[in-house]
Amino acid sequence: MKTIIITGGAGFIGSHVVREFVLKYPDYKIINLDALTYAGNLENLKDIETLPNYQFIKADIVDAKLMLDIFENYQPDGVIHLAAESHVDRSISNPLDFVMTNVIGTVNLLNAAKHIWKDDYTGKRFHHVSTDEVYGTLGNEGFFTENTAYDPHSPYSASKASSDHFVRAYQDTYEMPIVLTNCSNNYGPNHFPEKLIPLCIHNILNKKSLPIYGDGKFTRDWLYVKDHAKAIDLVFHEGKDGNSYNVGGFNEWKNIDLVKELCKQMDEKLNNPVGTSEQLITFVKDRPGHDLRYAIDATKINQELDWKPSVTFEEGLSKTIDWFLENKEWLENVTSGDYQNYYEKQYK
Ligand code: NAD
Ligand code: TYD
């Protein structure tokens, strides 16, 4: 029996990873370690929370002593590390929060794993979940490969890049078996409505404007979250020690085109006259340091591990909208309270 600690399991991607592992590996003990910040929500895991191979621990990865105690108590064989501050706009207002969780928190976990594994790494693995944003920005052409030099521009991506370097350093210095995944923008159920897609779904439902930064020509590569969870499962089990794998959707959209597609699908599903939601599009002040384009070359994970996205963007977006329409209460719960204050400050 394997014990695996998944950090950040109450968040958007983490909850899909936890569900994937709990359902697929009944013999594993899956421990979801999460501080439940504004982005963490145990509602995301209601359907699996009573299963015998699942356990939740509320803990902050910035607390080094607590991490040592938890690792000593539970003796995990594997760590899949997703806990992070994850929103670029918040990193611009509060960079230090990102250093604390993303850098210090990651080093605390590496130290706790090193402490209990005591140089006997048989059957052990530390999987660090990172982002394509560490590579910086592309012009109109080219793709990020695993060999692209790091060139982060936002406090978020700088903190993730730093954590990636620490994870690799623990392999090189202490021979810890590590793997990394660097994934493109995710979307899907349970996405927190501070990010572009769920924010626009929420605003369309509330007939509020759809804020597009700058000229809307910024480009992202979008991947359905369940396909990311499957990629993490594959890399955790079959990836090569010390390797990183880029994960992407082969699916680039300019923000303005993506929002128009979203408006079209929302109008169809809500039986609105054609063009209703598009009228809400509003161009607003650009994000400082805004990266022009991200695009992932996912050839390595495709060829070595036979991974590819399972849904087209149009299908994934349709499933995502359906989920939000069926879970309006979830959306209302997460957008009450502090969310309103954040929104006022960010979009005033
Ligand atoms: P999220 O913000 O939805 O969730 C983050 C989770 O981490 C939350 O449950 C939160 O409570 C928890 N957390 C935050 N600080 C913590 C702390 N100090 N101690 C313990 N738990 C803490 O994030 P997400 O979008 O699900 O991203 C998960 C991971 O995937 C992150 O590492 C992110 O960098 C990476 N990633 C995200 C995307 C994306 O498009 N969202 C793409 C590529 C990689
Ligand atoms: P976001 O979902 O915040 O993800 P990331 O910054 O990690 O890529 O943003 C996706 C793109 O959408 C990015 O180019 C910024 C842009 N954007 C807007 O135009 N308006 C918004 O209100 C938000 C949140 C993002």
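Counting starts at 1 for both ligands and their atoms, in listed order.
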Taking heavy atoms and a distance under 4.0 Å, where does T7 meet ligand 1: side chain, backbone, both or neither?
neither
Identity and distance of the protein heavy atom lying nearest atom 32 (O) of ligand 1:
K160 NZ, 2.7 Å
Examine V62 against ligand 1 and note whether any of their N/O atoms are separated by less than 3.5 Å.
no
Atom 26 (O) of ligand 1: the protein heavy-atom neighbour that sits closest, reported with distance to 0.1 Å
I13 N, 2.8 Å
Roughly how far, to the nearest 0.5 Å, is CG of D97 from NE2 of H87?
13.5 Å
Atoms of ligand 1 less than 4.0 Å from C183 heavy atoms?
42 (C), 43 (C)
Taking N or O atoms only and a 3.5 Å limit, does F12 qualify as a polar contact for ligand 1?
yes
Ligand 1 contacted by Y156 (non-hydrogen, < 4.0 Å):
yes
Mind telling me whether Y150 and Y135 have parallel, tilted or perpendicular rings, with 30° and 60° as the class edges?
perpendicular
Would you please name every residue forming a side chain to side chain contact (heavy atoms under 4.5 Å, CB included) with V225, sequence neighbours left out?
F12, I13, H16, N186, P189
S184 heavy atoms within 4.0 Å reach ligand 1 at atoms 42 (C), 43 (C)
Close N or O approach (A35, ligand 1; < 3.5 Å)
yes
Rounded to the nearest 0.5 Å, how far does CG of L210 lie from CG of N203?
6.0 Å
If you count the atoms of ligand 1 from 1 in the order shown, which ones are under 4.0 Å from a heavy atom of D60?
17 (C), 18 (N), 19 (N)
Step-by-step salt bridge (charged side-chain N to carboxylate O under 4.0 Å, His left out) determination, D69 to K65
CA-CA 6 Å; D69 290 349; K65 164 87 174 55; 2.8 Å; yes
Salt-bridge test for R125 and D241: reply yes if a basic N is under 4.0 Å from a carboxylate O, no otherwise.
yes
Answer whether the closest heavy-atom distance between the side chains of L317 and E261 falls below 4.5 Å.
yes
Rounded to the nearest 0.5 Å, what separates atom NE2 in H81 from atom CD1 in I61?
4.5 Å
Evaluating non-hydrogen atoms only, which member of T37, N44, N186 is closest to atom 10 (C) of ligand 1?
T37
So is K208 actually on top of Y343's ring, under 6.0 Å and inside 45° of the axis?
yes
In the hydrophobic clustering that connects Ile, Leu, Val, Met, Phe, Trp and Tyr at side-chain heavy-atom distances below 4.5 Å, which members other than L68 occupy its cluster, ordered by chain and number?
none
Polar contact flag for H191 and ligand 1 (N/O pairs, less than 3.5 Å)
no
Numbered in order shown, the ligand 1 atoms found under 4.0 Å of a heavy atom of V129 are 30 (O), 32 (O)
Can you tell me which residue among Y339, Y342, F192 is in a ring pair (Phe, Tyr, Trp, His ring centres under 6.0 Å) with Y38?
F192
Shortest non-hydrogen contact between K160 and A84, atoms and distance:
NZ-CB, 4.1 Å
Counting from 1, what ligand 1 atoms have a heavy atom of N185 closer than 4.0 Å?
40 (O)
Decide whether V235 and I80 are clustered together by the hydrophobic rule: side chain heavy atoms of Ile, Leu, Val, Met, Phe, Trp, Tyr closer than 4.5 Å, transitively.
no
Using a 3.5 Å cut-off on N/O to N/O, what pairs does ligand 2 make with the protein? A line per pair would be great.
{"from": "ligand 2", "atom 1": "2 (O)", "to": "L196", "atom 2": "N", "distance (Å)": "2.9"}
{"from": "ligand 2", "atom 1": "3 (O)", "to": "R287", "atom 2": "NH2", "distance (Å)": "3.1"}
{"from": "ligand 2", "atom 1": "4 (O)", "to": "N185", "atom 2": "ND2", "distance (Å)": "3.3"}
{"from": "ligand 2", "atom 1": "6 (O)", "to": "R287", "atom 2": "NH1", "distance (Å)": "2.5"}
{"from": "ligand 2", "atom 1": "6 (O)", "to": "R287", "atom 2": "NH2", "distance (Å)": "3.3"}
{"from": "ligand 2", "atom 1": "7 (O)", "to": "E133", "atom 2": "OE2", "distance (Å)": "2.5"}
{"from": "ligand 2", "atom 1": "8 (O)", "to": "N185", "atom 2": "ND2", "distance (Å)": "2.9"}
{"from": "ligand 2", "atom 1": "8 (O)", "to": "R220", "atom 2": "NE", "distance (Å)": "2.9"}
{"from": "ligand 2", "atom 1": "12 (O)", "to": "N255", "atom 2": "ND2", "distance (Å)": "3.3"}
{"from": "ligand 2", "atom 1": "14 (O)", "to": "R220", "atom 2": "NH2", "distance (Å)": "3.3"}
{"from": "ligand 2", "atom 1": "14 (O)", "to": "N255", "atom 2": "ND2", "distance (Å)": "2.9"}
{"from": "ligand 2", "atom 1": "14 (O)", "to": "H290", "atom 2": "NE2", "distance (Å)": "2.7"}
{"from": "ligand 2", "atom 1": "19 (O)", "to": "Y213", "atom 2": "N", "distance (Å)": "2.8"}
{"from": "ligand 2", "atom 1": "20 (N)", "to": "P211", "atom 2": "O", "distance (Å)": "2.8"}
{"from": "ligand 2", "atom 1": "22 (O)", "to": "P211", "atom 2": "O", "distance (Å)": "3.4"}
{"from": "ligand 2", "atom 1": "22 (O)", "to": "Y347", "atom 2": "OH", "distance (Å)": "2.6"}

Atom indices of ligand 1, in the order listed, that fall short of 4.0 Å to a heavy atom of L36:
11 (O)
Please report which non-hydrogen protein atom sits nearest to atom 28 (C) of ligand 1, along with the residue it belongs to and the distance in Å to one decimal place.
L82 O, 3.5 Å
Any A59 heavy atom less than 4.0 Å to ligand 1:
yes
Provide, to 0.1 Å, the distance between atom 19 (N) of ligand 1 and the closest protein heavy atom, together with that atom's residue and name.
I61 N, 3.0 Å
Option of least heavy-atom distance to atom 16 (C) of ligand 1 (set: I232, T101, I57)
T101
Please write down residue, atom name and distance for the protein heavy atom closest to atom 11 (O) of ligand 1.
D34 OD1, 2.6 Å
Would you call the rings of H290 and Y213 parallel, tilted or perpendicular, where under 30° means parallel and over 60° means perpendicular?
perpendicular
Does F250 sit in a hydrophobic cluster with other residues, and if so which ones, taking ILVMFWY side chains as linked at heavy-atom separations under 4.5 Å, directly or through other members?
none
Closest protein heavy atom (residue, atom, distance) for atom 1 (P) of ligand 1:
S86 OG, 3.6 Å
Heteroatom proximity flag, T131 to ligand 1, N/O under 3.5 Å:
no
What protein heavy atom sits nearest atom 5 (C) of ligand 1, and how far off is it?
A84 O, 3.4 Å
Measuring from L66:CG to L33:CG, what's the distance to the nearest 0.5 Å?
7.5 Å
For atom 44 (C) of ligand 1, the protein heavy atom that lies nearest, with its residue and separation
S130 O, 3.1 Å
W222 versus I197: any side-chain heavy-atom pair under 4.5 Å?
yes
Is it true that H237 and Y28 have ring centroids separated by less than 6.0 Å?
yes
